[in-house]
Amino acid sequence: MGSRHHRPNGAPEAGVRGDRGAAYARVAVLLLLGGVLAPLIAAGLRSVLWVLVGVAGLAVAAVGVWWALAHTGPVRIVGTVLAVAAPLTVLALYATNDLLGPALLSLGLLVLAVITARSALAPAPTTSGQAAAAPRRPWVLMNRRSGGGKVDRFHLVEKARAAGCRVHVLEPGQDVTALARRAVSDGADLLAVAGGDGTQALVADVAAQHDVPFAVIPAGTRNHFALDLGLDRDDPVAALEALTGGVEIRVDLGYAADRVFVNNASFGTYASVVDDPAYRDAKARTVWQTLPGLLTGEHAPALRMTADGRRLDGLQALLVSNNPYGRVVDVSHPGRRERLDSGLLGVACVRVGSTAEAARLASRPRSGGLVRLSADEVAVETDTTTMPVGIDGEHVVLPCPVVCRIAPGALRVRVPRHRPGASRSRGAAADWPRVARLAFGRPSPRRQEPGPAGGGEAGEPPGGPGPFGGAPRAPEERWTWGPIGWRDTS
């Protein structure tokens, strides 16, 4: 299995897309050089000074954002002015010194370089999953209130019944978990949900416990789980194919204590905002009014986290996700999960408690104000006996400490054969040393590490797509063999 991506020592690195990958890599290198040379040609060595001016402007703007979010009254007004005025001032200075054009050109070239580099490292699209036989007694739970009435607008009840499904329309106050368990006891051999992520998670947990296939019909408002499965959220009817066949894949499930989540569990600031009764009807106003007290007031959360032996404290916000999310600034897949079968939790936490820390975070992203990592298990605690948690957008209160874990491959998911999001190439991060080797046909270093017995070639970490069809892992990434298999620790 591992030999598909094995490369002899000293052999030139062929891109995952062959010659096309090498061509993308050369273009990416040229764009990167153009982004660096554009300001140098326009301003010479003075461009270094102007870069520092831009960084300083970002730091001042970050201070303004912090004051606007964490304070009220005159300080909030001053912060808002700074957040707007600082970047405008930098742009005005650039324009006055005839550097605005080169600066924008440089930024555009660098963005294109990152996009092209990711395309160079992206695998060729693969077809994942195994063909699934049509279920005999599929059961579908439909929530008419989700997604602004998508169930009725797309006539999902009638179409599911016409496909031979038993349909239960959810009524207010009904126990979703009990309904799903009753369906299994009545002989259902597939469980499906047309609704939001919170409802999907509850039914998915029952499906995993009984090893029954699960299907998602994206009829909710956001449906992030459906998005990362590659489903078309604007066409819930297309997902009905999974009720009569399709293909089957295995994905992970996350748990916060005994509560399941398909997307994430949030702690701290966001979870406290969701707890406010006014949040559902006036989200923006509630956030604006409650953030100051949550960031700097007496009710500000002080979270502590331990993830695989690494301990962090003084956190204001913490997000634990079922598989790691991409970076928000990732222009190709912002806030998306590259795969749902890595067997790891994603962790993102914020630790900004002062004006100085806000400025450092803007000017030095690796200053420690924002931490991202992956782990098998995460323990979250505070000085209180309970804490609010936002689980797939739903507010719950759990006893401290809350231990989050992941169940690798716990859920069998039926999906349509053709998923628009699955055919989109999901590239690795812009690993510039690897891009350069690919562009110039240089050999890649080969590491010698002991491999698991029967788990591929010795010395070779996993390289191929998993059951979910995720991107092949780069040979240069650092891997460790653990209780759930190979694990990326880079």
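This structure is a prediction, so every number in the text was calculated from the model and none was measured.
- Counting heavy atoms from C-beta outward, Leu110 and Val114 have side chains that stay 4.5 Å or more apart.
- Between the side chain of Asp228 and the backbone N or O of Phe225 there is no donor-acceptor pair closer than 3.5 Å.
- Once rounded to the nearest 0.5 Å, the distance linking SG of Cys349 with CE of Met305 reads 4.5 Å.
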Checklist line | Stepwise side chain to side chain contact (heavy atoms under 4.5 Å, CB included) test for Asn323 and Val251 | finding: CA-CA 10 Å; Asn323 285 260; Val251 302; over 6 Å; no

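- Contact check for Ser342 versus Pro324: side-chain heavy atoms found under the 4.5 Å cut-off.
- Side-chain contact check for Val378 versus Val403: every heavy-atom pair is 4.5 Å or farther apart.
- Applying the salt bridge (Lys or Arg N to Asp or Glu O under 4.0 Å) definition to pairs two or more places apart or across chains, none involves residues 171-184.
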Next item on the list: Apply side chain to side chain contact (heavy atoms under 4.5 Å, CB included) to the pair Leu345 and Ser321, showing each step before the final yes or no.
Entry: CA-CA 6 Å; Leu345 295 168; Ser321 58; over 6 Å; no

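- Residue Arg414 comes nearest to Ala242 through the heavy atom pair O-CB, 3.4 Å, listed as atom of the first residue, atom of the second, then distance.
- At a threshold of 4.5 Å between non-hydrogen side-chain atoms, the residues Leu312 and Val371 count as touching.
- To the nearest 0.5 Å, atom CG of residue Leu411 and atom CG of residue Leu253 are 5.0 Å apart.
- Across Leu231 and Pro218, no two heavy atoms sit closer than the pair CD1-CD, 4.4 Å.
- The CG atom of Asp234 sits 10.5 Å away from the CG atom of Asn223 when rounded to the nearest 0.5 Å.
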Notebook entry, point to check: Going through the checks in order, is the side chain to side chain contact (heavy atoms under 4.5 Å, CB included) test met by Val193 and Ile217?
Noted result: CA-CA 6 Å; Val193 175; Ile217 303 171; over 6 Å; no

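- The side chain to side chain contact (heavy atoms under 4.5 Å, CB included) test applied to Asp211 returns Arg250, Arg412, not counting sequence neighbours.
- The list of salt bridge (Lys or Arg N to Asp or Glu O under 4.0 Å) pairs with a residue in residues 140-153, not counting sequence neighbours, reads Arg144-Asp152.
- Side-chain atoms of Asp308 come within 3.5 Å of backbone atoms of Asp376 as a donor-acceptor pair (strictly under, hydrogens ignored).
- Rounding to the nearest 0.5 Å gives a distance of 7.0 Å between CG of Leu398 and CZ of Phe267.
- Annotation: the span from Cys165 atom SG to Leu190 atom CG amounts to 7.5 Å, rounded to 0.5 Å.
- Heavy-atom minimum distance, Trp139 versus Ala188: CB-CB, 3.9 Å.
- Legend: salt bridge (Lys or Arg N to Asp or Glu O under 4.0 Å) pairs involving residues 395-404, not counting sequence neighbours: none detected.
- The nearest pair of heavy atoms linking Asp252 to Pro408 is OD1-CA, 3.2 Å.
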Next item on the list: Might you work through the side chain to side chain contact (heavy atoms under 4.5 Å, CB included) test for Gln200 and Leu202, ending with a clear yes or no?
Entry: CA-CA 6 Å; Gln200 289 170 6; Leu202 295 175; over 6 Å; no

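- Nearest heavy atoms, Val167 versus Ala160: CG2-CB, 3.8 Å.
- Residues passing the side chain to side chain contact (heavy atoms under 4.5 Å, CB included) test with Leu112 are Leu31, sequence neighbours excluded.
- Residues satisfying the side chain to side chain contact (heavy atoms under 4.5 Å, CB included) criterion with Ala61, sequence neighbours excluded, are Ala86, Pro87.
- Applying the side chain to side chain donor-acceptor pair (under 3.5 Å) rule to pairs touching residues 235-245 yields Glu241-Arg417, sequence neighbours excluded.
- Scanning both residues, Ala307 and Leu373, for their nearest heavy atoms gives CB-CD1, 3.9 Å.
- Rounded to the nearest 0.5 Å, atoms CG (Leu318) and CG (Leu303) are 6.5 Å apart.
- Considering only heavy atoms from C-beta on, Leu156 comes within 4.5 Å of Pro236 through its side chain.
- A donor-acceptor pair under 3.5 Å links the side-chain atoms of Asp197 to the main chain of His224, judged by distance alone.
- No donor-acceptor distance shorter than 3.5 angstrom exists from the side chain of Asp232 to the backbone of Leu227, with no hydrogens or angles considered.
- In terms of the salt bridge (charged side-chain N to carboxylate O under 4.0 Å, His left out) criterion, residue partners of Arg311 (sequence neighbours excluded) are, by chain and number, Glu381.
- Every residue meeting the side chain to side chain donor-acceptor pair (under 3.5 Å) condition with Asp205, not counting sequence neighbours, appears here in chain and number order: Gln209, Tyr255.
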Which pairs of donor and acceptor atoms, one on a side chain in residues 386-393, lie under 3.5 Å apart (sequence neighbours left out)?
residue: Asp392; atom: OD1; partner: Asn263; partner atom: N; Å: 2.9
residue: Asp392; atom: OD1; partner: Asn264; partner atom: N; Å: 3.1
residue: Asp392; atom: OD2; partner: Val262; partner atom: N; Å: 2.9

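- By the side chain to side chain contact (heavy atoms under 4.5 Å, CB included) test, His155 is found to be paired with Glu158, Lys159, residues two or more places apart in sequence or in another chain being considered.
- At a threshold of 4.5 Å between non-hydrogen side-chain atoms, the residues His168 and Gln174 count as touching.
- Considering only residues two or more places apart in sequence or on other chains, Asp186 meets the salt bridge (charged side-chain N to carboxylate O under 4.0 Å, His left out) condition with none of them.
- Taking 4.5 Å as the limit, every side-chain heavy atom of Ile406 sits out of range of all side-chain heavy atoms of Leu344.
- With hydrogens and angles ignored, the 3.5 Å screen pairs no side-chain donor or acceptor of Thr199 with any backbone N or O of Gly195.
- Judged purely by atom type and a 3.5 angstrom limit, Arg304 has no side-chain atom pairing as donor or acceptor with the backbone of Leu315.
- Taking 4.5 Å as the limit, every side-chain heavy atom of Glu377 sits out of range of all side-chain heavy atoms of Cys404.
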